[in-house]
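These notes are about the structure you will find just below.
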Amino acid sequence: MVGSPAHPVDLAALIAATMLPFASFLAILVVTRGRPRLSAWLSIGSVTITLACSIALLALHSGLTTPIGFSADLIGSSGLNIPFGFLLDRLNLLMIVVVSTICFLVQVYSLGYMAGDPGFSRYYAFMSLFTWAMMSLAVSANLLQLYFFWELVGLSSYLLIGFWYEKFSATQAGKKAFVMTRAGDAAFFIGILLLFIHTGDLGIVNLDSRAALAGVPPSFITLSALLIFGGIVGKSAQFPLLTWLPDAMEGPTPVSALLHSATMVAAGVYLFARLFPFFSMSAVAMSVFLAIGTISMLLASTMAMVSRDIKKVWAFSTISQLGFMIMALGAGSYFAGVFHLTTHAGFKALLFLCSGVFIHRFETNDVYELSRLGAKRMLIPMVTMVLGAAALSGLPPLSGYFSKEAVMGSLAGLPNPVWLGAGLAGVFLTAYYSFRLIFILLFPRETAVTIPVGTPSPPPQAAGIPAGAPGAWAMAVPLIVLATITVVLGFFETPLKNFIGAGMLAGGSVGGEALSWTPLAALALALAGVGLAWVEFGRKGARQIGFVDRIPILHRLFAERWYIDRFYGLLVNLVIDRGISRLCYLNDRKVIDGGIDGLCEGAVESGRVMAVLQTGMVQYRLLAIFAVLALLALYFYY
Amino acid sequence: MIAPFRDILLLAATLFALGAFCAVVRRNLIMIVLGIEIMLNAAAIVFVGASLHLNNLDGQTFVLFILAVAATEVSVGLAIIVYAFRRTGSFDPRHFNLLR
């Protein structure tokens, strides 16, 4: 039992919030697979209840001081007890509301986006699976339990990326995402085991208290923190493992909005915040996290500057914003990281859903193509998208402005100015690439359009649904809701700060004091980014060629994603294909096959040699008998 | 005793060697059986000689048995040879190597 005991009403609400999506997942797969409408309503109904329960829990416990816990021993054997249960504190109250809100909106949106898809029921089943896993992940009381749901979230990500499994690239992307995140999760699991061996209790409350880890050597804490961070790197697509996320855009757009920008990839950052006091016990590990966040943030921003694929731009931007969150947390500011997570979930889901409307209507991902086909004539998505992009760039008075200021403030509190410089550069790049995309969409240029080979351009009338179809409202309403959230969320900074900051588990500083000029500098750089984008893509007569495009080497480097994928390809080719699997192959062919073959051939050959002695000639045997007898006689005689 | 025991043993040994030589060298089944008969008789001579030498009649009894066994052995052996000849048309032992 951890924390104060749970009230039965809380428990009922929690169980309803976490288990109903799972029930609907089973029901859809088993019963209503053949009836898509019913499946969709089942799933949306369950996620509505989840949302209601989450909001009710948040409202009930807005003044929560000690975490509420409930646990039961599910895995137990002699001397080894791993309790499973719920833990509710301020962080995951916020997290479950964020997750269920985005899940709800995205599922409503999917009614329009996925309409008529042959896998409609399957889609909603997987969505329910994801909702269940993500909610349970957020309320896990135990690191091992969290790991289970962590993997289930990964599974639903795999299933949804490869949702259109007829498409080869989609299945490949699903596989890549699965394998790459698994690489991180292996490290995560080793970290969990190490912690378990040393502390014997994986309860999150326990791990976050300094007293429980008092006897553990600091180098060991650093090691396990780094290993657990491996899981975060995989899930949140940070520096060494970042290339799976852009490929994950092969899935349906609502999936990208839900899993690959707002919630699932944020699970890594959530884990960081969850174990924040534990991580902050190791200064070495924290500076490693800070460095990895910075590298991912800058790399992904540069990649976003040259991408023509609207979804990939947002995917790179997601990596870079997750990098911002990790930077903020690594800099020791718990609130800035969590706040940016919350606002980012809103505006990034919004951006993806807007792009989804365009993609659904025009059936192309190419920005120039979308612009030429008249994306700017679609009023609601265009307006909301500009709002989302402005929030992403950190322009006031949108939510992104406030959270990015908080992040910058935390970086400014660090003794080394390099981090702040990198953060400010990131702000500039973010504003530049988001408004590059917006200006391209807003100001179509016939001349700048070079249709990429292999992408057929369908006539606008034939593609997608007409604007007046019933599905259009299902898609438009979530956009408006999310845009509203994006606009107003920033003004709740102080209440949120009080809520999150006060409810934090012991340890860790709330963040350094911001320098007075930091917000101004960040705002000026954001505006400069927008201005540069305007000069190059927006103003009349602009050729819509960015400064990066004019430097071929840089453009190649960014478009090839800094050759990270190539490097992995080479690595896999050299180490795994030519190294390990070749050795295995040789071992199989030469040692095992060769050994067995040699044994058999040896037996056959020796048999042949022995057979020469055996002629079947009776007189030779007689001779042999005489010879032996004669020799024996000699032997005994002398 | 007219002949010394040593000469009898020499005679028997010579006969035995000749019989063995015949059995091993001749490529004719009948001659092999003949060689074996000669070896049996060489053994019989040793028995008789030893019986005289040791003043014990047991040796001569043995010889009677040997003669009986040799007679039956020859009849069985010849019957097998006749049968084998009918099957293969040959007396050559090299042709009887089915068990090889």
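Protein chains get the first letters and strands the later ones, always in sequence-line order, with residue 1 at the start of each.
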Tell me if the CZ atom of B:R27 is crowded by more than 12 foreign heavy atoms within 6.0 Å.
yes
With a sphere of 6.0 Å drawn around NZ of A:K167, does it hold more than 12 non-hydrogen atoms of other residues, nucleotides or ligands?
yes
Please check if atom CZ in A:F25 has more than 12 non-hydrogen atoms from other residues, nucleotides or ligands closer than 6.0 Å.
yes
Would you indicate whether the side-chain heavy atoms of B:H95 and A:M617 approach each other to under 4.5 Å?
no
Hey, is OH on A:Y563 packed in by over 12 heavy atoms from elsewhere, all under 6.0 Å?
yes
Take B:R26 and A:Q619 through the test side chain to side chain donor-acceptor pair (under 3.5 Å) and record every step on the way to the result.
CA-CA 9 Å; B:R26 297 299 298 263; A:Q619 281 176 308; over 6 Å; no
Are any of the side-chain heavy atoms of B:V24 and A:F626 separated by less than 4.5 Å?
yes
